[in-house]
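Order of the sequence lines sets the chain letters (A, B, ...), proteins ahead of strands, with each chain counted from 1.
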Amino acid sequence: MERRLVSDAEAVHAHIIKTGAYVDLFVMTFLVNVYAQCGAMAAARKVFDYLPKRNVVAWTTLITGHVHNSEPELAIQVYLEMLEAGSYPTNFTLGIALNACSSLQSLELGKQIHAYIVKYQIEHDTSIGNALCSLYSKFGDLDYAVKTFRCIAEKNVISWTAVISAFGENGEAASGLSFFSEMLWENVEPNEFTLTSVLSLCCTVMSLSLGKQVHSLSIKRGYQLNLPVRNSVMYLYLKCGLVNEAYKLFNEIESSSLVTWNAIIAGHVQIMDLAFDNLSAYQGGTRALEIFLRMIHSGLKPDLFTFSSVLTLCGKLVAQEQGEQIHAQTIKTGFLSDVVVGTALVNMYSKCGSIRGASKAFVEMSTRTLISWTTMITNLALHGKTQQALQLFEDMRLVGVRPNQITFVGVLAACGHSLMVDEALNYFEMMQKEYRIKPVMNHFELLVDMFVMSGRLGEAFDLIKKMDYEPNEFIWLALLTGARIRGNLDLGLYAAEQLIKLGPRDSEICISLLRMYRAAERWIDMSHVEKLMREEQLLKLGEWSWICIKGKVYSFEPNELSCPDNNNMEMCTLLEHLLGQAKTLGYEFSGSSELVDNEDANVSSRIHQSEEFAIAFGLLNTPNAAPIQIIKNTSMCRNCHDFIKCLSILTARKIVIQDRKRLHKFVDGKCSCGDFWGLL
DNA sequence: CTAGGGTTAG
């Protein structure tokens with residue numbers, strides 16, 4: 001609704017006085033509402049205080065005004081004042097009072113009001129039931145929210161919308177969608193609120209086909225110009241990869257709101273995960289940064305949604321410089337005190353390679369949620385800080401925060417870094433016995449990896465057979481590689497067979513298969529895989545690295561040192577020079593890049609991996625002591641890894657590389673990954 | 001004269 005102007009309210013007020021209508025209770029209650037709707041609560045209260053008489057509608061109007069103007073404490077105060085004055089609340093009053101309870105985050109007060117409702121046996125009333133449903137949903141009690149919904153005698157659109165969004169709020173999007181079909185089955189017409197909510201659920205479950213149906217339904221119902229509906233559709237399309245459709249909607253939205261901008265930025269950040277080997281996804285990241293700057297330029301003020309997304313973006317672009325600028329802005333605007341923004345900040349520093357910055361941000365948070373703790377634990381694990389991660393996990397339990405599945409993924413990853421298999425198994429048991437958490441695929445992946453890495457192939461295989469999930473390619477690949485290295489050909493070939501059944505998706509998997517078959521002298525299988533690589537065009541993942549300097553992203557491809565062109569002459573010279581120096585430190589080119597696995601490879605035609613160019617570019621374009629921060633879409637090879645360890649000594653720079661699988665932080669000749677980076 | 005749903009973030 002359009003926000004009214006105070007001057008309009010005053011004009012109405014003057015008119016009422018002139019005509020003498022101020023003696024009329026109905027008219028004056030209307031005036032209270034008018035003042036409330038333009039945010040002038042002091043004036044609203046003054047009019048209320050001069051009312052000739054007070055009835056429950058007048059009280060309710062005042063309470064509603066306070067709730068809508070984000071003054072829930074005052075709303076409850078007035079509600080109590082009303083009870084003291086001897087007025088009985090109606091279903092309208094109780095509904096808005098329950099609303100005040102959820103903004104106040106006071107479940108206690110909500111329960112008191114609920115008790116009153118039960119006492120007078122009015123929980124079947126539609127408006128009361130609706131309010132109760134959304135109250136319990138906001139407090140995370142989905143079961144109770146559904147229960148109250150079921151209690152409603154005559155369910156209307158609002159009841160259905162309330163329960164559908166309750167599922168969304170509590171991470172049960174799929175069930176929410178089945179309630180939507182139940183609603184249609186009952187012939188209840190969805191409105192723009194329902195459709196927006198449902199579109200958001202489609203987005204969560206990434207169901208483009210259903211989303212498209214809902215989109216056309218919303219057009220059929222005449223909501224194609226409704227802004228929230230359009231925002232949701234745009235976000236859905238973007239997140240599902242229909243970038244052009246999303247842009248079209250974005251450009252068509254004339255009075256784009258902050259939510260529109262936030263959604264398009266967030267969507268870009270989301271699709272960066274969609275295709276790691278896709279350059280355009282990363283260009284999407286750059287574009288998101290540009291859109292953010294454009295938004296600022298247009299005079300819109302970023303809010304907590306903007307800041308959370310953009311901080312995540314900076315983490316994904318490994319763009320610490322930008323991240324620090326955003327950090328400063330969150331301080332200036334006060335949004336840093338928001339727990340989601342704080343958590344995003346922790347994540348940003350860590351992903352940029354600064355675990356100290358992350359710890360500092362974490363310690364300085366005034367409140368922490370489960371997600372904040374989990375973020376910090378997972379990131380400590382990412383940096384190879386096993387003991388600190390496990391200690392933080394204990395701290396978290398000590399302050400009474402209950403871990404979830406993802407927390408345990410972080411804990412197991414921390415154990416994995418130090419190959420603490422038995423400790424990991426203890427935590428795995430704790431998760432199931434003490435916390436009744438069902439293991440997910442990630443847990444099995446980490447455990448299998450750990451077993452394999454420590455040579456306990458039998459236990460790895462037993463675990464694979466025991467788990468409730470179909471083993472995925474990661475699992476089989478880990479087993480295959482471990483078996484090959486340990487010379488267990490039977491097990492390795494079995495894993496290879498399973499991988500073939502899954503249909504290898506990329507060249508890294510194919511290369512592992514080739515190695516396995518070569519070790520087992522299975523020449524026919526080898527040629528089969530080679531054929532597959534040719535036919536499916538899996539021969540080589542396009543390989544890139546990126547570096548972000550001053551908000552601009554530069555990308556690099558691998559190249560031969562022997563054929564510099566004008567663009568890379570300076571970089572090639574620098575690399576050549578550093579290569580020579582590295583040799584004096586004992587660096588030796590092993591002759592074969594693991595990715596290429598080419599027996600003909602020899603020292604004279606050493607190929608520079610893309611990250612080396614990115615590093616050279618960084619060295620030439622950043623100040624002396626600045627860290628070099630890079631992203632790479634494939635896994636690093638060992639050869640490059642050795643070279644970059646030397647570079648960290650030679651250049652006295654911190655070098656951070658986020659590759660396809662993990663974070664490498666090179667300082668003084670050492671890497672945080674501990675030199676084994678899994679078996680992929 | 002008063003209400004009860006919605007979009008974007010970690």
Practice task
Assess whether atom NZ of A/K385 is packed by more than 12 heavy atoms of other residues, nucleotides or ligands within 6.0 Å.
Solution key: no
[X] [atom1] to [N] [atom2], straight-line distance once rounded to whole Å:
{"X": "A/I253", "N": "B/dT7", "atom1": "CD1", "atom2": "C1'", "result": "10 Å"}
{"X": "A/W59", "N": "B/dT2", "atom1": "CH2", "atom2": "P", "result": "18 Å"}
{"X": "A/L238", "N": "B/dA9", "atom1": "CG", "atom2": "P", "result": "11 Å"}
{"X": "A/L199", "N": "B/dT8", "atom1": "CG", "atom2": "P", "result": "10 Å"}
{"X": "A/D303", "N": "B/dT8", "atom1": "CG", "atom2": "C1'", "result": "8 Å"}
{"X": "A/L25", "N": "B/dT2", "atom1": "CG", "atom2": "C1'", "result": "12 Å"}
{"X": "A/K301", "N": "B/dA9", "atom1": "NZ", "atom2": "P", "result": "23 Å"}
{"X": "A/L177", "N": "B/dG6", "atom1": "CG", "atom2": "C1'", "result": "15 Å"}

Choose from [options] the nucleotide whose nearest atom is closest to any side-chain atom of [X].
{"X": "A/V339", "options": "B/dG10, B/dG6, B/dA9", "value": "B/dG10"}
{"X": "A/S127", "options": "B/dG6, B/dG4, B/dG10", "value": "B/dG4"}
{"X": "A/N55", "options": "B/dT8, B/dG4, B/dC1", "value": "B/dC1"}
{"X": "A/T29", "options": "B/dT8, B/dT7, B/dC1", "value": "B/dC1"}
{"X": "A/T343", "options": "B/dG10, B/dT8, B/dC1", "value": "B/dG10"}
{"X": "A/V229", "options": "B/dT7, B/dG5, B/dG6", "value": "B/dG6"}
{"X": "A/F30", "options": "B/dA3, B/dG6, B/dC1", "value": "B/dC1"}
{"X": "A/A266", "options": "B/dG10, B/dA9, B/dG6", "value": "B/dA9"}
{"X": "A/V259", "options": "B/dG6, B/dT8, B/dG5", "value": "B/dT8"}
{"X": "A/H68", "options": "B/dT2, B/dG5, B/dA3", "value": "B/dA3"}

Handout entry: Side chain A/T369 and base B/dG10 donor-acceptor under 3.5 Å
Key = yes
Completion exercise
Ordered by number, residues from residues 89-103 of chain A within less than 4.0 Å of DNA chain B (heavy atoms) are A/F92, A/I96, A/N99
Handout entry: Ring-on-base stacking B/dG5 with A/F193 (under 5.5 Å, under 30°)
Key =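 Check passed, A/F193 stacks on base of B/dG5.
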Under 4.0 Å, heavy atoms only, any strand: does [X] hit a base, just the sugar-phosphate, or nothing?
{"X": "A/T126", "value": "base"}
{"X": "A/T375", "value": "nothing"}
{"X": "A/N156", "value": "base"}
{"X": "A/T194", "value": "nothing"}

Exercise for the section: For the residue pair A/L135 and A/H114, establish whether any side-chain heavy-atom pair is separated by less than 4.5 Å. Expected result: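 When only atoms from C-beta onward are counted, A/H114 and A/L135 do not touch, as no gap falls below 4.5 Å.
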Practice task
With sequence neighbours left out, write down each residue that passes ring-ring contact (aromatic ring centres under 6.0 Å, His included) with A/Y349, or none if nothing qualifies.
Solution key: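 A/Y349 satisfies ring-ring contact (aromatic ring centres under 6.0 Å, His included) with A/H327 only.
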For [N], does either OP1 or OP2 sit under 4.0 Å from a side-chain N or O belonging to [X]?
{"X": "A/N262", "N": "B/dA9", "answer": "no"}
{"X": "A/T161", "N": "B/dG6", "answer": "no"}
{"X": "A/Q270", "N": "B/dA9", "answer": "yes"}
{"X": "A/S165", "N": "B/dG6", "answer": "yes"}

Exercise for the section: Drop me the distance from A/L98's CG to A/Y79's OH, to the nearest 0.5 angstrom. Expected result: 8.0 Å
Handout entry: Separation between CE of A/M295 and CG of A/N262, rounded to the nearest 0.5 Å
Key =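 Output value for this atom pair is 6.0 Å.
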Exercise for the section: Classify the side-chain pair A/T60/A/T93 by whether it contains a donor and acceptor separated by less than 3.5 Å. Expected result: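 Their side chains do contain a donor-acceptor pair, which is all the 3.5 Å distance test asks for.
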Handout entry: Donor on one side chain, acceptor on other, A/N404 and A/T407, under 3.5 Å
Key =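 Yes, A/T407 and A/N404 have a side-chain donor paired with an acceptor closer than 3.5 Å.
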Exercise for the section: Check the angle between the aromatic planes of A/F179 and A/F167 and answer parallel, tilted or perpendicular using the 30° and 60° thresholds. Expected result: tilted
Handout entry: salt_bridge(A/D49, A/R54) N-O dist < 4.0 Å
Key = yes
